[in-house]
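Ligands are counted one by one from 1 in listed order, and the atoms in each one are counted from 1 as well.
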Amino acid sequence: MNEDNVLEISNLHVSIDGKEILHGLNLSIARGETHVIFGPNGGGKTTLLMTIMGFPRYKITQGQIIFKGVDITHMPINQRSMMGIGIAYQRPPVVKGVKTGELVEAIIQTHSSDKNATVLAAEANMGDFLMRDINAGFSGGETKRSEMMQLLAQDPSLVLLDEPESGVDLENIALIGDLINQVLDKKHPMQRREKIGLIITHTGHVLEYVNARTGHILINGRVQCNGDPRDMLETIKVSGYTQCGGCEGGLH
Ligand code: ADP
Ligand code: MG
């Protein structure tokens, strides 16, 4: 084990409703690093993030997840959240009867965060949304900005982002990029950065804003490739995922 690793996932097998989705996945993230995950639909990307967060539906049948040196494989979701794991969903649910602002306030209180809901809302251009029910009638971009606002309120040290730019128009994509960099503490130089990130992206847009140096390609429940995310994106653009099968070290 590399002692710089904040997250270390080994031989992870995960089933949903008795069907195995992840078949022995390995992935490690060292202090201060952000990694990107690519992969075709249905490969298991969302399953991986939901499993790291600890949703009970995702059953770990083999393998281990170590976070900050602690084995969290069987730790409940609320404890993981208190340890500093936070997620922005690919498709967050609508919650009628709960105002977005109430949720943000609750997150700030639960995590004893020093953030201020009004300031966060202004940063995420969500000022008019605090009084609205969570995600009710929000556009794709508004939903994603709301997710980022909630993550900033929590201020997690492991940031899990499931397609943060999907459904976001070009006007708002730079804002999402800024919010991602903010939640990842990118303003600090690498040596002083504590947080780690794992970002699923289809389009790769996020790479224009986030300086991620490691990418992984997840196909059929396994990491098939590790390498430079920009090289990966170029290869995927040209030949899809056909070149990626069984490549252990990278795309070269
Ligand atoms: P990705 O995010 O890479 O598109 P997912 O992790 O969402 O992939 O899905 C991986 C596989 O798991 C897919 O075949 C999907 O149909 C299946 N799956 C996801 N959620 C469920 C569920 N709740 N019940 C049964 N199968 C599921
Ligand atoms: Mg997904």
Side-chain angles (χ1 to χ4, degrees), residues 7 9-27 29 34-65 72-73 76-77 80 85-95 135 138-141 143-148 150-151 156 158-168 173 176 180 197-207 210 212 214-227 229 232-233 235-237 239-247 251:
L7 180 70
I9 299 173
S10 49
N11 189 33
L12 187 69
H13 291 250
V14 174
S15 296
I16 310 172
D17 299 340
K19 180 182 165 207
E20 188 170 284
I21 309 291
L22 301 181
H23 317 285
L25 181 144
N26 300 299
L27 193 153
I29 306 182
T34 297
H35 292 201
V36 172
I37 302 182
F38 301 105
N41 286 326
K45 303 181 297 297
T46 295
T47 300
L48 173 63
L49 261 53
M50 298 296 267
T51 303
I52 298 171
M53 189 69 238
F55 284 88
R57 188 159 193 197
Y58 298 78
K59 300 269 186 262
I60 299 177
T61 55
Q62 268 188 74
Q64 225 181 12
I65 306 177
I72 63 162
T73 312
I77 186 167
R80 295 187 201 206
I85 303 181
I87 190 167
Y89 300 107
Q90 182 175 2
R91 283 182 287 269
V94 173
V95 186
N135 295 323
F138 288 21
S139 72
T143 304
K144 295 293 181 178
R145 294 207 312 274
S146 179
E147 287 292 288
M148 291 311 303
Q150 292 163 45
L151 266 189
L158 165 53
V159 178
L160 304 169
L161 303 177
D162 198 345
E163 300 196 26
E165 79 274 58
S166 76
V168 179
I173 209 140
I176 290 282
I180 293 174
L198 190 54
I199 308 179
I200 299 173
T201 179
H202 256 304
T203 60
H205 277 318
V206 73
L207 291 173
V210 178
T214 307
H216 310 278
I217 295 180
L218 207 169
I219 302 176
N220 292 334
R222 288 192 187 88
V223 172
Q224 306 278 2
C225 264
N226 301 297
M232 285 178 166
L233 191 60
T235 308
I236 295 162
K237 275 183 185 163
S239 37
Y241 291 101
T242 52
Q243 307 263 310
C244 306
C247 160
L251 284 165

Quiz item: Between the Mg ion (ligand 2) and T47, is there an N, O or S atom separated by less than 2.8 Å?
Solution: no
Quiz item: Just which atoms of ligand 1 are under 4.0 Å from any heavy atom in N41?
Solution: 4 (O)
Quiz item: Among the heavy atoms of G221, does any lie under 4.0 Å from an atom of ligand 1?
Solution: no
Exercise. May I ask you to check if ligand 1 and T46 share an N or O to N or O distance below 3.5 Å?
Key: yes
Quiz item: Going by heavy atoms in the side chains, are F138 and K144 under 4.5 Å from each other?
Solution: no
Practice problem: Give the atoms of ligand 1, by number and element, whose distance to some non-hydrogen atom of P40 is under 4.0 Å. | Solution: 3 (O)
Quiz prompt | Inter-residue atom distance I173.CD1 - E165.CD, 0.5 Å rounding | solution = 5.5 Å
Quiz item: Roughly how far, to the nearest 0.5 Å, is CD1 of I21 from OG1 of T51?
Solution: 9.5 Å
Quiz item: For atom 8 (O) of ligand 1, what's the nearest protein heavy atom and its distance?
Solution: G44 N, 3.2 Å
Quiz item: Hey, is atom 19 (C) of ligand 1 under 4.0 Å from any protein heavy atom?
Solution: yes
Exercise. Enter the distance from F38:CZ to T201:OG1 here, rounded to the nearest 0.5 Å.
Key: 6.0 Å
Exercise. Determine, using heavy atoms of G39 and all atoms of ligand 1, whether some pair is separated by less than 4.0 Å.
Key: no
Exercise. Give yes if a backbone or side-chain nitrogen or oxygen of T47 is under 3.5 Å from a nitrogen or oxygen of ligand 1, and no if not.
Key: yes
Quiz item: With distance as the sole test, does K45 use its side chain to make a donor-acceptor pair with the main-chain N or O of P40 at under 3.5 Å?
Solution: yes
Quiz item: Is there any N or O on I16 that sits under 3.5 Å from an N or O of ligand 1?
Solution: no
Quiz prompt | Identity and separation of the nearest protein heavy atom to atom 16 (O) of ligand 1 | solution = K19 NZ, 4.7 Å
Quiz item: Would you call D17-K59 a salt bridge at under 4.0 Å N-O?
Solution: no
Self-check item: Contact summary for P229 and V36, nearest pair of heavy atoms
Solution: CB-CB, 4.5 Å
Quiz item: Of all the atoms in ligand 1, which lie at a distance below 4.0 Å from a heavy atom belonging to D17?
Solution: 24 (N)
Quiz item: Can you find an N/O atom of I21 closer than 3.5 Å to an N/O atom of ligand 1?
Solution: no
Quiz item: Is ligand 1 less than 4.0 angstrom away from at least one heavy atom of R57?
Solution: yes
Self-check item: Separation of T47 OG1 from I16 CD1 (nearest 0.5 Å)
Solution: 4.0 Å
Exercise. Could you tell me whether the Mg ion (ligand 2) has an N, O or S atom of Q90 under 2.8 Å away?
Key: yes
Quiz item: So among L161, I180, T34, I176, which one has a side chain to side chain contact (heavy atoms under 4.5 Å, CB included) with V206?
Solution: I180
Practice problem: Distance to 0.1 Å, residue and atom name: give those for the protein heavy atom nearest to atom 13 (C) of ligand 1. | Solution: G42 O, 3.8 Å
Quiz item: Do any N or O atoms from the side chain of Q64 and from the backbone of T73 form a donor-acceptor pair under 3.5 angstrom?
Solution: no
Quiz item: When you check the side-chain N and O atoms of S146 and Q150, is any donor under 3.5 Å from an acceptor?
Solution: yes
Quiz item: Do any nitrogen or oxygen atoms of K45 lie less than 3.5 angstrom from nitrogen or oxygen atoms of ligand 1?
Solution: yes
